[in-house]
Amino acid sequence: MLTYLLAFILFAVGLYSVINKRNLIKIIMGIIIMEHAVNAFLILIGYRISGKAPILEKGTSVTEFVNSAMDPLPQALVITSIVISLGVVALMVALAVRLYQHYGTFDITEIRKLRG
Amino acid sequence: MSGMSPIVKTVTRWVSPFILAFGIYIALTGHLTPGGGFPGGVIIAGCFVLLTLAYGKEKVDGVFSLKSASVTDSLASLSFLCMGLLGYVFGRGFLNNFIQSGFPGKAFELLSGGNMPIINVAIGFKVGGSLFVVFAYLALFRAIEEE
Amino acid sequence: MLPLFVAIPLGVGFLLPLIEEFRERTRLFAVTVLLETGLLLALSLVKFGEKSIYRLGGWPPPIGINYVLDGLSSLVLVVISGIAFVTVLFAMTYMSKYENLGKFYGLFSLMLAGMYGVALTGDVFNMYVYLEVAAISSYALVGFNRGAEELEASFKYLIMGAVGSVFILLGIAFLYGSVGSLNIADISVRVSEVSDQSFILLSTALFIVGFGLKAAFIPFHSWLPDAHSSAPTPISAMLSGVLIKVLGVYALSRILFNGLNLPSLTPQLLTWIGAGSMFIGGMIALGQNDLKRLLAYSSISQMGYITLGLGMGGIFISQGKPAIATLALIGGLFHLVNHATYKSLLFLFSGGVERIFGTRDLSKIGGITRVSPVSGATGTIGTLSISGVPPFNGFWSKLVIVIAAIWGGLYPIAGIVLFTSAITLAYYLKVQRELFLGEVVGEIADKGKISPGIYVPLLILAICCIGLGLLYLPEIRGIVLKPAALALQEGSEYTQLVLGL
Amino acid sequence: MVLIQIFLVFTIIAALIAVEAPSALSSIISLGAVGFGLSIAFLWLGAPDIAITQVVVEILTLVILIRATIGKGVTEIRGNESKTLLIGSLILFGLGSAFFANYLSAFPEFGKSAIDVFSETPSQFYLKFGLEKAGGANVVNDILLDFRAYDTLGEATVLFTAILGAITLLNKDVFFGEGGEK
């Protein structure tokens with residue numbers, strides 16, 4: 001139980017950074033941390049006590065494998081989500097670099113040109 | 001960007017082929033051991049990123065230019081899509097693992113899993129190409145900025 | 001045939017940047033995308049009304065991913081394809097002076113692929129993946145002009161969108177943890193077997209926040225006016241016309257109605273979120289002077305109508321009034337179709353206005369009817385439809401929503417809808433007075449002459465605005481809108497279609 | 001299990017340092033610590049595929065982030081942080097934790113996955129027939145490339161789209177539309 005809660009504290013740290021920081025890089029980091037936390041949570045959901053990695057080895061019987069392997073589906077989802085977050089981070093960094101070129105700062109309060 | 005010290009350059013020259021080989025290995029045997037196209041591709045991209053950092057942009061341009069990287073990116077994506085469409089054309093359904101149902105390889109060997117090794121390699125090239133492109137663009141952007 | 005909806009735009013999206021690496025062939029890119037959207041429009045019209053599923057990779061539903069084509073998704077497919085076709089027709093002329101068009105059309109095509117993916121899929125996680133495809137390409141397209149304001153709007157949109165996506169993913173994680181499946185139909189079977197619903201409710205809340213950020217419901221709306229007014233005009237039309245609907249309202253209602261069987265209190269929550277967005281969006285729009293920002297705030301307000309219709313449908317379903325529920329859902333979906341047409345019309349029109357006058361500030365321009373009668377007329381039709389003047393389509397959908405609210409006994413809701421209609425009328429009367437009527441104000445740029453490439457798409461959409469009013473007739477409504485409403489209402493039918501139980 | 005918790009606490013501390021550290025470089029390196037800590041935790045949790053992916057992706061993210069920020073004199077920008085938002089988010093977090101403490105019994109116990117709790121889940125099928133039907137010994141890869149290959153196609157597309165968007169935005173070419181470079 002505590003383990004799930006720890007993943008949520010990590011999520012909250014990321015959310016705090018996104019909401020409360022004025023530095024673009026810190027906001028990007030907040031999003032990265034949130035994504036890490038969700039990935040960790042997904043893996044924790046798929047965890048089975050004293051389970052093994054979901055990779056068959058020669059000689060193991062399938063029934064034994066089904067009873068002892070971790071849940072493979074959340075792992076597949078996490079790989080997908082890691083790659084998606086990598087793409088999003090690349091785009092965010094590109095935008096942040098461009099904004100720095102225009103304004104000479106990463107401070108979000110000095111970038112606000114647009115209204116509401 | 002002129003590159004780093006001679007020590008870094010020498011070490012990079014010795015290490016980078018192994019990194020590249022490791023990336024290809026990870027991508028190729030993804031269906032048997034931990035790994036797969038994505039980590040393999042990232043390692044391949046990392047190899048070229050290392051070369052760029054150590055030798056500077058101009059030197060690497062001859063080996064693996066920006067254009068060839070983004071062409072690799074597009075072509076590998078297209079080939080993944082084509083693997084999917086081939087299943088459709090053969091009447092087995094979009095993204096069906098048609099090779100596995102036609103010629104099932106022996107389990108635990110490299111040529112098993114039908115489409116899977118092929119798609120893994122395609123993904124490896126795709127990820128490698130696209131991540132190198134974005135890194136190179138960021139580096140290029142800095143170079144222009146510093147002028 | 002169904003995989004082609006995603007495979008064709010994906011192929012075009014991969015191919016155009018590849019061609020651009022070798023040669024800049026602006027004309028070829030535009031024609032390719034026009035052909036692509038035309039083909040997809042034809043395909044979606046052929047497939048309209050069909051009910052089928054497609055198993056990707058040949059695996060049966062809970063194991064593999066499947067496409068679902070039912071009343072609702074076929075309606076949404078037609079809306080996406082139609083608006084995309086007209087937008088590309090407009091972009092062919094409007095965007096012809098820009099550079100990097102291979103990347104522009106490539107991203108446009110990928111955005112289309114993402115939206116088709118979301119509209120067709122029957123799997124929660126897959127919906128998330130394709131939602132990201134559509135969202136990421138729209139982030140990049142918003143900043144396509146690369147000016148300071150555009151980049152800032154894009155960054156804001158990107159941050160809010162990324163936070164929304166993380167919330168959606170967390171919701172999916174909770175859902176998987178509490179039911180053990182990702183297929184929407186399978187989830188709806190398993191949800192009813194779960195004894196303690198509290199984690200279903202938690203994931204519902206996360207979904208509402210996540211999709212609410214994508215759909216710009218009122219507490220989460222701050223990115224929308226910036227993004228929609230900074231994007232290149234054809235993209236603004238796509239974003240306001242279809243993207244926020246498909247990624248926000250459609251995806252949310254698919255999961256809530258078909259997957260989670262409408263957990264308690266969610267319909268009420270949706271209704272009040274809708275009412276709030278409608279009212280507050282309208283009030284802010286009243287004070288805007290920039291034409292595109294006014295249109296963007298009005299999008300928030302109009303999204304409120306759609307959400308309200310769907311939420312009311314949910315309330316009536318849980319109260320056991322199926323006939324009125326169908327009517328409310330029809331109202332919401334009818335408004336979705338209507339809003340797609342007239343909001344894209346108005347955004348494209350604002351692009352034309354900007355071409356003529358060189359600015360979008362309403363206080364500095366006027367008399368467009370004298371400069372360009374055709375675009376003036378189409379703009380008038382757009383504003384009249386959105387403010388709900390009788391012969392045009394906007395009136396009929398609002399009428400259906402009000403009738404449903406009154407029959408169902410939700411008088412305060414009906415009051416808010418009527419009051420918001422009055423506000424909408426007020427701010428579009430302001431647009432009428434400032435922009436259309438009176439003498440020509442402001443300097444007319446050299447390129448003031450509007451070419452057929454710009455006004456033909458406007459004319460097509462204006463004709464749609466008049467013609468879609470026909471959907472109010474019970475016979476036509478029964479064919480087009482009722483199956484879509486029933487797809488949401490009859491969860492068991494959906495389950496049967498997918499799982500074949 | 002305790003080990004996993006220790007690693008998670010380590011990542012939380014690293015995340016806090018990353019968020020609060022004054023200099024850009026140290027906070028980026030702490031962010032790296034979050035990622036590497038998690039990848040070791042993934043290894044303990046029986047997910048070697050993800051551990052590998054996490055490590056290599058983390059390295060590349062760090063390189064990109066450092067490349068983007070280094071030499072830009074990014075120090076902590078302080079002051080005028082909105083207190084209302086902070087308090088609001090703390091209240092929300094408190095409510096969330098209270099919800100958790102209250103209803104945790106409704107969620108499958110830690111250490112039991114969907115395979116143990118529910119019958120006939122997709123995961124059971126994947127484990128049972130992965131080798132036979134898809135042909136790969138690595139079940140996670142079977143899922144990624146056969147059972148849910150469509151997801152992987154989408155994921156490749158997401159990466160392609162993001163990179164295409166990034167290079168579109170970074171492109172220096174001048175363009176002739178309205179607005180434009182200011």
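Bear in mind the structure is a predicted one, so any value in this text is a computation, not a measurement. Each chain gets a letter, A, B and so on, in the order the sequences are listed, and its residues count up from 1.
Contact of D:Val158 with chain A is made through the side chain alone, with heavy-atom distances under 4.5 Å. Proximity to chain A involves both the backbone and the side chain of D:Leu169, based on heavy atoms less than 4.5 angstrom apart. Interface remark: A:Leu44 contributes backbone and side-chain atoms alike to the contact with chain D (heavy atom separation under 4.5 Å). Proximity to chain A is limited to the side chain of D:Leu38, based on heavy atoms less than 4.5 angstrom apart. Interface residue A:Val89: only side-chain heavy atoms are found under 4.5 Å from chain D. Neither the backbone nor the side chain of D:Glu132 comes within contact range of chain A; no heavy atoms are under 4.5 Å apart. Heavy atoms of D:Ile28 lying under 4.5 Å from chain A belong to its backbone as well as its side chain. Only the side chain of D:Ile163 has a heavy atom closer than 4.5 Å to any heavy atom of chain A. At a 4.5 Å heavy-atom cutoff, A:Leu15 makes no contact with chain D through either its backbone or its side chain.
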Original post:
Under the side-chain contact (heavy atoms from CB on, under 4.5 Å) criterion, do A:Arg98 and D:Leu170 qualify, and how do the steps go?
Top reply: CA-CA 7 Å; A:Arg98 264 298 205 173; D:Leu170 287 174; 4.3 Å; yes

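With contacts defined as side-chain heavy-atom distances shorter than 4.5 Å, the pair A:Val97/D:Arg67 does not qualify. Counting only heavy atoms from C-beta outward, the side chains of A:His36 and D:Thr11 never approach each other to under 4.5 Å. A 4.5 Å side-chain heavy-atom check between D:Thr152 and A:Ile79 finds every atom pair outside the cut-off. Side chains of D:Gln5 and A:Leu6 form a contact here, defined as non-hydrogen atoms less than 4.5 Å apart. The shortest distance between side-chain heavy atoms of A:Phe65 and D:Leu131 does not fall below 4.5 Å. Two residues are said to be in side-chain contact when any heavy atoms from C-beta on lie closer than 4.5 Å; A:Leu73 and D:Val140 fail this criterion. In this structure the side chain of A:Val62 never reaches within 4.5 angstrom of the side chain of D:Leu127, judged on heavy atoms.
Among all heavy-atom pairs drawn from D:Ile143 and A:Pro72, the shortest one is CD1-CB, 3.6 Å. Annotation for D:Ala166 and A:Ala90: closest pair CB-O, 4.3 Å, computed over non-hydrogen atoms. Across every non-hydrogen atom of A:Tyr47 and D:Trp44, the tightest pair is CE1-O, 4.4 Å. Contact between D:Ala15 and A:Val13 at its shortest, heavy atoms only, is CB-CG1, 3.9 Å.
Summarising the geometry, atom CG belonging to D:Leu159 is positioned 11.0 Å from atom CG belonging to A:Leu91; distances are rounded to the nearest 0.5 Å. Here the CD1 atom belonging to A:Ile9 is positioned 11.0 Å from the CD1 atom belonging to D:Ile13, to the nearest 0.5 angstrom. Atom OG1 of D:Thr121 and atom CG of A:Asp71 lie 6.5 Å apart (nearest 0.5 Å).
Donor-acceptor pairing under 3.5 Å is lacking for the side chains of A:Thr80 and D:Asp151.
For the pair A:Gln75 (side chain) and D:Gly46 (backbone), a donor-acceptor distance under 3.5 Å is present.
Electrostatic pairing of D:Glu20 and A:Lys26 does not count as a salt bridge here, judged by no charged N lying under 4.0 Å from a carboxylate O.
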